[in-house]
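Report on the structure given below.
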Amino acid sequence: MAAPEAGLALSVAGLTVQAPDGRRLAEVPALTVAPGSSVAIRGPSGAGKTTLLHALSGLVRPASGRVAWGGTDLAALGDAALTRFRRDRIGLIFQDFLLFEELGALDNAAIATAFLPRGQRLALRQRAGTWLDRLGLGQAGVRRADSFSGGERQRIAVARALANDPPVILADEPTASLDRASADRLAVDLAALSRDTGRTLVVVTHDATLAARLDRVLTMAEGRIVEDTHG
Ligand SMILES: Nc1ncnc2c1ncn2[C@@H]1O[C@H](COP(=O)(O)OP(=O)(O)OP(=O)(O)O)[C@@H](O)[C@H]1O
């Protein structure tokens with residue numbers, strides 16, 4: 001199997017994200033994240049954390065400014081190229097899990113096989129199974145997604161994001177529907193993924209235990225980064 005791709009550096013400059021009515025939702029004049037490092041984004045509800053994460057993933061096109069991963073400026077990519085870039089390089093763990101209800105846990109976690117050449121499908125399916133195991137769902141591979149609880153669905157979504165072996169992982173409250181023990185286990189795994197395998201990790205979280213495990217904590221308020229603390 002090919003070695004996983006090393007994490008990408010993030011470079012943000014002059015970024016503003018606006019609501020359709022023109023209201024400014026996020027404003028980040030400058031932010032760099034070193035490849036392979038891990039960052040938590042914290043702050044009160046409505047501070048713009050999810051908005052910023054969406055702009056970093058290219059799910060939202062900013063009103064102005066630049067978001068670049070490993071030197072690739074997302075604004076320079078057309079819609080199809082941006083979708084491809086996100087699919088291949090960024091693992092997204094978002095709050096709406098977007099599972100295929102009629103598929104089993106493993107088929108959901110390994111859904112990216114549909115986009116891969118035949119020769120790479122088995123490896124991805126194995127990684128999906130390994131992540132389900134680590135997240136405590138190893139025995140549940142064939143159960144339909146619609147039979148899982150909220151916390152279990154969240155873990156399937158995490159396994160899906162990581163199965164693709166992406167150099168960048170962006171997560172929005174990945175531990176929100178988990179019990180304390182599962183949340184702590186996932187926090188350890190996410191931190192290790194960055195530290196041991198060089199992935200770049202950006203996580204929006206209210207979970208102080210998770211934030212404490214990461215290299216750096218950004219605090220947002222009213223759409224801006226107001227504090228930047230290195231652990
Ligand atoms: N598409 C949109 N149109 C209008 N307002 C929006 C849109 N998306 C987000 N907002 C507003 O932008 C602000 C920031 O929202 P965002 O979801 O980024 O906050 P957050 O810090 O992630 O909050 P939470 O912790 O509650 O998830 C909020 O006031 C929200 O209502």
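Atoms within a ligand are numbered from 1 in the order they appear, just like the ligands themselves. Heads up: numbering here begins at 1 and tracks the sequence. None of the values given here were measured: they were computed from a predicted structure. Side chains are part of it too, since the values below use all heavy atoms of this structure and drop only hydrogens, waters and symmetry mates.
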What protein heavy atom lies closest to atom 12 (O) of ligand 1? Include the residue and the distance to one decimal. L25 CD2, 3.2 Å

Interfacing atoms of ligand 1 (cut-off 4.0 Å, heavy-atom, T51): 14 (C), 15 (O), 16 (P), 18 (O)

Could you check whether atom 30 (C) of ligand 1 has a protein contact, counting only heavy atoms that fall below 4.0 angstrom? no

M220 CE to I225 CD1 distance, which is reported to the nearest 0.5 Å: 6.0 Å

Mind checking whether L162 and L92 sit in one hydrophobic cluster, side chains of I, L, V, M, F, W, Y counted as touching below 4.5 Å? no

With atom 13 (C) of ligand 1 as the reference point, say which of P44, A19, G46 has the nearest heavy atom. G46

May I ask you to identify, for M220, whether its side chain, its backbone, both or neither come under 4.0 Å of ligand 1 on a heavy-atom basis? neither

Ligand 1 atoms in contact with R23 (distance to a heavy atom under 4.0 Å): 5 (N), 11 (C)

T130 and D133 side chains, donor-acceptor separation under 3.5 Å: no

At what distance is the nearest protein heavy atom to atom 26 (O) of ligand 1, and which residue and atom is it? S45 OG, 2.6 Å

Heteroatom proximity flag, K49 to ligand 1, N/O under 3.5 Å: yes

Go through ligand 1 atom by atom and flag the ones less than 4.0 Å from a non-hydrogen atom of P20. 3 (N)

Could you establish whether H206 and ligand 1 come within less than 4.0 Å of each other, counting only heavy atoms on the residue side? yes

Report yes if G43 has an N/O atom closer than 3.5 Å to an N/O atom of ligand 1; otherwise report no. no

Given the rule in the salt bridge (Lys or Arg N to Asp or Glu O under 4.0 Å) test, do D172 and K49 qualify, once you have shown the distances and angles that lead to the verdict? CA-CA 9 Å; D172 196 354; K49 306 181 295 295; over 6 Å; no

R153/E101 ion pair, N-O < 4.0 Å: yes

Tell me yes or no: between the side chains of D215 and S37, is some donor less than 3.5 Å from an acceptor? no

Are H54 and ligand 1 in contact, using a heavy-atom cut-off of under 4.0 Å? no

Does a donor on one side chain and an acceptor on the other come within less than 3.5 Å for E27 and T16? no

Backbone, side chain, both or neither: what part of T50 comes under 4.0 angstrom of ligand 1, heavy atoms only? both

Please evaluate residues H54 and V17 with respect to the criterion side-chain contact (heavy atoms from CB on, under 4.5 Å), reporting the C-alpha separation (whole Å), side-chain torsions for both, the decisive distance (0.1 Å), and the verdict. CA-CA 10 Å; H54 283 176; V17 182; over 6 Å; no

A47, any N or O under 3.5 Å of ligand 1 N or O: yes

Sidechain N-carboxylate O distance under 4.0 Å for D184, R180: yes

